[in-house]
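Each remark here refers to the structure printed beneath this line.
Note: hydrogens, waters and symmetry copies are ignored here, and every other heavy atom, side chains too, is used.
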Amino acid sequence: MQFEIVHTLPADPDTVLRVMQEKGYYEYLQQHHPDVDRIEMLSIEDQGNTVRRRVHYQLKPIIRSVGPKKVPPEAMAWVEESTLDKASRRLTFRNVPVKDWVQERMTNTGTIELRDAGGGQTRRIVAGELKVKFPLLGAIAERVIHGRARDLLDGEARLFGEYLKTRG
């Protein structure tokens, strides 16, 4: 499944770029985002023109079981491994599921582009591909996961301006 999710954030692209590199932003999301159990910046490495990041995400569970099988909360946990190109304001990501059995069935890669929207705002474009390899249910799972990703990103967009106010 190809996807694109677009938001307008209330800050210029350079500010958005800086915030994406602040550990405090992820701590703020951890405390205030209604759809997550955990968001944590695991590592950030500034390499001059690029920044490598690892961010752990775990969404609150919405599916407790599939048939008789229980679905553990970690099934919706992943580590974003990404490289941010400062000059182009483009981040390339790969979301790696925490659980091996999910890794075997799901891949998610893509980009985040930050474009000047004028008036001190940024258009954030998240685009990529999500694949779930599971007989009969793969396409349904992709739609559910896409919906949860949209909820996560919608929440981040809502909280972005609030976080900026806490920075002073």
Side-chain angles (χ1 to χ4, degrees), residues 1-23 25-26 28-30 33 35-47 49-63 74-117 121-134 137-160 163:
M1 153 187 258
Q2 299 289 323
F3 65 88
E4 182 175 277
I5 302 171
V6 179
H7 291 96
T8 301
L9 303 176
D12 63 88
D14 290 332
T15 300
V16 174
L17 193 70
R18 281 192 301 276
V19 168
M20 289 173 67
Q21 299 173 63
E22 294 177 9
K23 189 172 184 174
Y25 175 58
Y26 299 93
Y28 185 86
L29 291 174
Q30 169 69 43
H33 200 301
D35 297 319
V36 300
D37 279 337
R38 177 179 171 201
I39 297 180
E40 180 184 0
M41 173 72 76
L42 298 175
S43 65
I44 186 158
E45 183 182 336
D46 191 325
Q47 301 175 325
N49 295 330
T50 60
V51 175
R52 293 197 186 280
R53 305 176 336 151
R54 292 183 71 248
V55 182
H56 184 279
Y57 291 86
Q58 183 170 322
L59 300 180
K60 290 185 178 172
I62 58 164
I63 300 171
E74 307 84 46
M76 283 301 291
W78 69 92
V79 174
E80 172 200 296
E81 296 177 347
S82 59
T83 301
L84 175 61
D85 181 306
K86 294 178 189 178
S88 67
R89 298 182 185 132
R90 180 182 169 103
L91 179 140
T92 303
F93 68 85
R94 179 173 78 114
N95 290 328
V96 181
V98 172
K99 291 292 191 183
D100 290 343
W101 60 272
V102 179
Q103 280 183 35
E104 294 168 4
R105 292 172 178 83
M106 186 180 96
T107 58
N108 179 216
T109 59
T111 60
I112 299 174
E113 291 187 44
L114 304 175
R115 296 185 186 160
D116 192 333
Q121 296 186 337
T122 299
R123 183 157 317 262
R124 177 183 71 184
I125 303 158
V126 181
E129 182 174 42
L130 170 67
K131 290 183 186 176
V132 177
K133 297 175 240 158
F134 200 82
L137 300 174
I140 294 168
E142 288 173 357
R143 287 193 298 273
V144 170
I145 293 166
H146 175 263
R148 294 294 286 156
R150 180 176 292 283
D151 292 345
L152 173 69
L153 294 168
D154 288 351
E156 284 184 4
R158 279 192 310 274
L159 291 167
F160 190 87
Y163 173 73

Discussion item. Can a donor-acceptor pair be found, under 3.5 Å and without considering hydrogens, that links the side chain of E4 to the backbone of A127?
Written reply: no

Worksheet item: Is a side-chain donor or acceptor of E142 paired with a backbone partner of V132 at a separation under 3.5 angstrom?
Response: yes

Fill in: Sidechain-backbone polar pair: Y26 side chain, M20 backbone, donor-acceptor under 3.5 Å
yes

Worksheet, complete the sentence: When rounded to the nearest 0.5 Å, the distance separating CG of L84 from CD of Q47 is 11.0 Å

Practice prompt. Would you check if the side chain of N108 reaches a backbone N or O of E129 as a donor-acceptor pair within less than 3.5 Å?
Written response: yes

Fill in: Heavy-atom pair with the smallest gap, counting every atom of L130 and F3
N-CE2, 4.0 Å

Fill in: D35 side chain reached by R148 side chain, heavy atoms, under 4.5 Å
yes

Discussion item. Given 3.5 Å as the limit, does a donor-acceptor pair link the side chain of T83 with the main chain of T92, or not?
Written reply: no

Worksheet item: Backbone N or O of R54 within a donor-acceptor pair of the E81 side chain at under 3.5 Å?
Response: no

Discussion item. Would the distance check show the side chain of R105 and the main-chain N or O of G138 forming a donor-acceptor pair, the cut-off being under 3.5 Å?
Written reply: no

Practice prompt. Look up atom CG in L152 and atom CE in M76, then write down how far apart they are to the nearest 0.5 Å.
Written response: 9.0 Å

Discussion item. Is the shortest side-chain heavy-atom distance between N49 and K86 below 4.5 Å?
Written reply: no

Worksheet item: So, R53 versus S82: side-chain donor-acceptor pair below 3.5 Å or not?
Response: yes

Item to complete: Kindly check if the number of other-residue, nucleotide or ligand heavy atoms within 6.0 Å of NZ (K60) is above 12?
Response: yes

Item to complete: Can you measure from OG1 (T50) to CG (L91) and round to the nearest 0.5 angstrom?
Response: 11.0 Å

Discussion item. I need the R115 CZ to R90 CZ distance, nearest 0.5 Å.
Written reply: 9.0 Å

Worksheet, complete the sentence: Taking every heavy atom of P97 against every heavy atom of M106, the minimum-distance pair comes out as CG-CE, 3.8 Å

Worksheet item: Is any side-chain heavy atom of R89 less than 4.5 Å from a side-chain heavy atom of I112?
Response: no

Worksheet item: After noting the C-alpha distance and the side-chain angles of L153 and H7, does the key distance pass the side-chain contact (heavy atoms from CB on, under 4.5 Å) rule?
Response: CA-CA 8 Å; L153 294 168; H7 291 96; 3.7 Å; yes

Practice prompt. Verify, without hydrogens or angle tests, whether E156 (side chain) and D151 (backbone) share a donor-acceptor contact under 3.5 angstrom.
Written response: no

Fill in: Within-4.5 Å side-chain heavy-atom neighbours: W78 and V96
no

Worksheet entry | Shortest non-hydrogen separation from Q30 to I39 and the atoms involved | OE1-N, 2.6 Å

Response to the item:
Closest heavy-atom pair, T122 versus D12, reported as atoms and distance to 0.1 Å, is OG1-C, 3.0 Å

Discussion item. Under the criterion side-chain contact (heavy atoms from CB on, under 4.5 Å), I'd like the reasoning laid out for I5 against H146: C-alpha separation, chi angles, the key distance, then a yes or no.
Written reply: CA-CA 10 Å; I5 302 171; H146 175 263; 4.1 Å; yes

Worksheet item: What distance do L159 atom CG and L29 atom CG have between them, rounded to the nearest 0.5 Å?
Response: 6.0 Å

Worksheet item: Roughly how far, to the nearest 0.5 Å, is the OG1 atom of T15 from the CG atom of L9?
Response: 11.0 Å

Worksheet item: Can you say whether the rings of F160 and Y25 are parallel (under 30°), tilted (30 to 60°) or perpendicular (over 60°)?
Response: perpendicular

Discussion item. If you define the side chain from C-beta out and look only at heavy atoms, does anything of Q58 sit under 4.5 Å from V98?
Written reply: no

